[in-house]
Amino acid sequence: MSIKAMDFSLRINPSICFTQNLPKPSSKLRFLTVRCSLPLTSDDAATGLAERPWKVADARLVLEDGSIWKAKSFGASGTQVGEVVFNTSLTGYQEILTDPSYAGQFVLMTNPHIGNTGVNFDDEESRQCFLAGLVIRSLSISTSNWRCVETLGDYLAERNIMGIYDVDTRAITRRLRQDGSLIGVLSTEQSRSDEVLLEMSRSWDIVGIDLISGVTCNASYEWVDKTKSDWDFNSNGRDQETYRVVAYDFGIKHNILRRLASYGCKITVVPSTWPAAETLKVKPDGVLFSNGPGDPSAVPYAVETVKEILGKVPVFGICMGHQLLGQALGGKTFKMKFGHHGGNHPVRNLRNGRVEISAQVL
């Protein structure tokens, strides 16, 4: 058995390692070892380090249970604290990034390959990104979609949102499912020790924090955009009787408003602190209490608003709005062991037998 070794330097493109005219293997088993040596700079020579043609781990996710996850960064740099939640959606990461319900949270995508469709400006669910950071397994090195206008990394960097990849998302998801929700700290700052980051994760809690005030609109406005016909799976009810709806913005998503508009609703969106008396003054046909982030117990003013409206006009709530309705009716809410978020849940309409894929947040 023979072993042949070959050394060469890459002088044109150090990110590509190639060989030419390699000997063909004979009938005997033969091993070929190729060593790629890169030219060293004076600084590299002094430190004994060679420039690497690939990105190395430069970020950490430190969880409050003491575990430390090395990763590679993309998007913004710095240090950020948040609650780690996982999302099982197979697609739609841009809608997740712009969903205000994720304020104060790191979203971990269980689907391993993220970024291949890039981003576009039609799929945004709000005016900005509200989540604290994005955690993924594999970041796509290229984009391929006819609507793509920008890469995911550039998109996050422009909006000052941190992201990490090359981390074991399956292991973290299992830890969250077994042990419950965990607060974590994302950091690209090597000057901060693991102990400092761990202390940050243990000194912050999402419970009891009013996150709605940071995502709601500043003033009331009229919403008129409908779902585009290309994406409208059911146009029944379009352009029929108009219903007047007041929508409380606790972190509302644009597609909720588009769907209501498509079914003939005239919508006024109001801030989370909008007085109930002003809402009742316009005599709406219904009031929507929208989705939103954080702890419903941390926004007693919203609960009081719901109480004042209940029984006077029809109401309906989504996510945070549903929890506020529960508290206003005398119920109590508590934080579940962990949150499960996904956009791939089938729901069957028992009236017509149709099955639709829905987004669910538990």
Side-chain angles (χ1 to χ4, degrees), residues 55-89 93 96-112 114-115 129-139 152-153 156-157 159-211 214-215 251 293-295 298 335-342 361-362:
K55 187 176 179 68
V56 297
D58 62 342
R60 288 165 291 168
L61 171 61
V62 178
L63 300 180
E64 61 176 310
D65 65 358
S67 60
I68 302 172
W69 307 80
K70 300 290 186 179
K72 300 173 184 177
S73 67
F74 70 107
S77 301
T79 299
Q80 181 68 47
V81 63
E83 181 188 36
V84 184
V85 299
F86 61 90
N87 190 300
T88 60
S89 296
Y93 54 79
I96 294 168
L97 291 172
T98 52
D99 183 349
S101 295
Y102 287 114
Q105 295 179 322
F106 298 136
V107 179
L108 180 151
M109 302 296 295
T110 60
N111 188 43
I114 300 295
C129 293
F130 287 101
L131 83 173
L134 184 65
V135 180
I136 63 177
R137 175 65 184 92
S138 176
L139 178 64
L152 177 59
L156 293 183
R159 288 154 181 78
N160 199 33
I161 302 297
M162 296 183 65
I164 59 171
Y165 68 102
D166 266 10
V167 64
D168 193 343
T169 52
R170 293 177 301 175
I172 298 176
T173 300
R174 171 166 289 194
R175 186 168 299 227
L176 295 175
R177 286 178 59 86
Q178 291 179 342
D179 302 335
S181 297
L182 294 171
I183 303 300
V185 178
L186 273 180
S187 181
T188 60
E189 297 178 302
Q190 301 304 314
S191 60
R192 294 178 182 262
S193 67
D194 294 340
E195 291 73 18
V196 169
L197 299 181
L198 180 59
E199 179 60 29
M200 289 178 61
S201 69
R202 292 176 175 174
S203 60
W204 188 85
D205 196 345
I206 198 170
V207 177
I209 298 179
D210 177 6
L211 295 174
V215 302
D295 180 8
K335 185 174 176 57
M336 298 179 68
K337 181 179 179 181
F338 61 87
H340 176 201
H341 313 257
V361 180
L362 302 177

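Counting heavy atoms from C-beta on, the side chains of I206 and L211 come closer than 4.5 Å. No side-chain heavy atom of T169 sits under 4.5 Å from any side-chain heavy atom of T110. D58 places a side-chain heavy atom less than 4.5 Å from the side chain of K72. A heavy-atom distance below 4.5 Å is found between the side chains of L61 and I172. F74 places a side-chain heavy atom less than 4.5 Å from the side chain of I136. In this structure the side chain of M162 never reaches within 4.5 angstrom of the side chain of F106, judged on heavy atoms. Contact check for L156 versus L97: side-chain heavy atoms found under the 4.5 Å cut-off.
Once rounded to the nearest 0.5 Å, the distance linking OG of S77 with CG of L186 reads 11.5 Å. The CD atom of E64 lies 14.0 Å from the CG atom of L197; values are rounded to the nearest 0.5 Å. Residue L182 holds its CG atom at 5.5 Å from CG of L63, rounded to the nearest 0.5 Å. Remark: I96 CD1 to L131 CG distance equals 9.5 Å, nearest 0.5 Å. In this structure, CZ on F130 lies 9.5 Å from CD1 on I161, to the nearest 0.5 angstrom. With values rounded to the nearest 0.5 angstrom, I183 atom CD1 is found 11.5 Å from D65 atom CG.
By the 4.0 Å N-to-carboxylate-O rule, R137 lies close enough to D166 to be salt-bridged with it.
The shortest non-hydrogen separation linking R177 to F338 is O-CE2, 3.6 Å. A pairwise comparison of heavy atoms in E83 and W204 identifies N-CZ3, 3.8 Å as the closest pair. Across all their heavy atoms, R60 and E189 have their closest contact at NH2-O, 2.8 Å. When every heavy atom of G342 is checked against every heavy atom of N87, the shortest pair comes out as CA-OD1, 3.7 Å. Heavy atoms only, all atoms of each residue included: R202 and G66 are closest at NH2-N, 3.9 Å. Taking all atoms of both residues into account, the shortest heavy-atom contact from I164 to A59 is CG2-CB, 3.8 Å.
Residues satisfying the salt bridge (charged side-chain N to carboxylate O under 4.0 Å, His left out) criterion with D295, sequence neighbours excluded, are absent altogether.
Not a single donor-acceptor pair under 3.5 Å links the side chain of Q80 to the backbone N or O of A132. The backbone N or O of K337 sits less than 3.5 Å from a side-chain atom of S181, completing a donor-acceptor pair. T98 contributes no side-chain N or O that, together with a main-chain N or O of C129, makes up a donor-acceptor pair within less than 3.5 Å.
For CZ of R159, the number of neighbouring non-hydrogen atoms (other residues, nucleotides, ligands) closer than 6.0 Å is greater than 12.
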Kindly indicate, with the supporting measurements, whether the criterion side chain to side chain contact (heavy atoms under 4.5 Å, CB included) is fulfilled by T88 and T173.
CA-CA 10 Å; T88 60; T173 300; over 6 Å; no
Test side chain to side chain contact (heavy atoms under 4.5 Å, CB included) on V107 and D99 and set out the steps.
CA-CA 11 Å; V107 179; D99 183 349; over 6 Å; no
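Between Y102 and H341, the ring-plane angle classifies as tilted under the 30° and 60° cut-offs.
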